[in-house]
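One structure is given here, and the rest of the page talks about it.
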Amino acid sequence: YFQAMHQIISTGYWIINQVGKELKEFGITEPQYNVLRTLIEADEQPLTVQAIQEKMIQKNSNVSRIIDKLLDKGLVGRKECPSNRRKVDIVITESGKSLLKVLDKKILAFHHPMMQNLNEEELKTLTQLIIKFKS
């Protein structure tokens with residue numbers, strides 16, 4: 001059990017660190033990339049900071065600070081919520097969408113060699129085992 005846990009945890013950290021290295025040349029961190037992916041997956045719908053936080057891979061990330069850095073880079077925008085003026089909605093900008101297309105290609109290129117290591121059946125089994133473990 002503990003050997004398996006060690007492999008899962010170390011693999012997760014290794015992937016996050018490698019993705020971070022891939023993004024570094026663009027001045028983007030892995031949590032910033034995660035926020036941009038979350039916003040694009042919202043289908044053009046604005047999200048609150050809290051909604052973004054709930055979808056983050058690393059739940060302990062300081063989402064407000066991450067969003068502020070993305071705002072400074074012009075990759076996201078902030079809009080006052082029409083139904084609640086105290087609430088702020090976050091949207092991805094055209095600039096953010098353009099960068100995300102480039103970043104997605106870079107990340108896919110990173111993952112591609114690993115995707116070749118397991119066949120479809122092995123991937124299904126791995127996914128089922130992870131889901132079973134978490135339940």
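Just so it is clear, the model here is predicted, and its values are computed rather than measured.
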Quiz item: Hey, quick one: are Ile8 and Tyr13 part of the same hydrophobic cluster, counting side-chain heavy atoms closer than 4.5 Å, chains of contacts allowed?
Solution: no
Self-check item: Distance, nearest 0.5 Å, that separates CE of Met5 from CD of Gln3
Solution: 11.0 Å
Quiz item: Are side-chain N/O atoms of Lys87 and Gln50 paired as donor and acceptor at under 3.5 Å?
Solution: no
Quiz item: Roughly how far, to the nearest 0.5 Å, is CG of Leu100 from CG of Leu75?
Solution: 9.5 Å
Quiz item: In chain order, what residues pass the side chain to side chain donor-acceptor pair (under 3.5 Å) check against Asp104, with sequence neighbours excluded?
Solution: Tyr33, Arg37
Quiz item: Does any non-hydrogen side-chain atom of Gln53 lie less than 4.5 Å from one of Val49?
Solution: no
Quiz item: Does one hydrophobic cluster hold both Phe2 and Phe133, with members joined at side-chain heavy-atom distances below 4.5 Å?
Solution: yes
Practice problem: Mark yes when over 12 heavy atoms from residues, nucleotides or ligands other than Lys101 sit less than 6.0 Å from its NZ; otherwise mark no. | Solution: no
Quiz item: Okay, side chain of Asp43, backbone of Gln45: is any donor-acceptor separation there less than 3.5 Å?
Solution: no
Quiz prompt | Salt bridge flag under 4.0 Å for residues Asp68 and Arg78 | solution = yes
Quiz item: Is Ile16 linked to Val35 within one hydrophobic cluster, defined over Ile, Leu, Val, Met, Phe, Trp and Tyr using a side-chain heavy-atom separation of less than 4.5 Å?
Solution: no
Quiz item: Could you state the interatomic distance from CG (Leu108) to CE (Met115), rounded to the nearest 0.5 Å?
Solution: 6.0 Å
Quiz item: Which heavy-atom pair separates Pro31 from Ile66 by the least distance, and what is that distance?
Solution: CB-CD1, 3.5 Å
Practice problem: May I ask you to check whether over 12 heavy atoms, not counting those of Lys69, lie within 6.0 Å of atom NZ? | Solution: no
Practice problem: Could you please spell out the steps behind the side-chain contact (heavy atoms from CB on, under 4.5 Å) verdict for His111 and Ile15? | Solution: CA-CA 9 Å; His111 282 285; Ile15 291 169; 4.2 Å; yes
Practice problem: Work out which heavy atom in Ile57 is nearest to a heavy atom in Asn34; give both atom names and the distance. | Solution: N-ND2, 2.8 Å
Quiz prompt | Value rounded to 0.5 Å, distance of CG in Leu103 from CG in Leu36 | solution = 7.0 Å
Quiz item: In Å, rounded to the nearest 0.5 Å, how long is the span from CD1 of Ile130 to OG of Ser135?
Solution: 12.0 Å
Self-check item: Val91 with Leu99, same ILVMFWY side-chain cluster at under 4.5 Å
Solution: no
Quiz prompt | Gly74 backbone acceptor or donor facing Thr93 side chain under 3.5 Å | solution = yes
Quiz item: Heavy-atom distance under 4.5 Å between the side chains of Leu39 and Leu47, does that happen here?
Solution: yes
Quiz item: Could you go step by step and tell me if Ile131 and Thr127 meet the side-chain contact (heavy atoms from CB on, under 4.5 Å) rule?
Solution: CA-CA 6 Å; Ile131 290 168; Thr127 301; 3.8 Å; yes
Practice problem: Consider only side-chain heavy atoms of I, L, V, M, F, W and Y, link residues closer than 4.5 Å, and tell whether Ile107 and Trp14 are in one cluster. | Solution: yes
Self-check item: Least distance between heavy atoms, Ile67 atom then Ile90 atom
Solution: CG2-CD1, 3.8 Å
Exercise. Report yes if some heavy atom in the side chain of Asp89 is under 4.5 Å from a heavy atom in the side chain of Thr48; otherwise report no.
Key: yes
Practice problem: Measure across Gly27 and Gln32 and return the closest heavy-atom pair with its distance rounded to 0.1 Å. | Solution: O-OE1, 3.8 Å
Quiz item: Which atom names give the shortest non-hydrogen contact between Ala109 and Pro113, and what distance separates them?
Solution: O-CD, 3.2 Å
Self-check item: Glu25/Lys106 ion pair, N-O < 4.0 Å
Solution: yes
Quiz prompt | Close side-chain approach of Val19 to Leu23, heavy-atom, < 4.5 Å | solution = yes
Exercise. Using the side-chain contact (heavy atoms from CB on, under 4.5 Å) rule, take Glu80 and Val88 through it: C-alpha gap first, then chi angles, then the decisive distance, then the call.
Key: CA-CA 5 Å; Glu80 187 179 284; Val88 177; over 6 Å; no
Quiz item: Does a side-chain heavy-atom distance below 4.5 Å link Glu122 with Thr125?
Solution: no
Quiz item: Just how far is it from atom CD1 of Ile92 to atom CD of Glu41, taken to the nearest 0.5 Å?
Solution: 10.0 Å
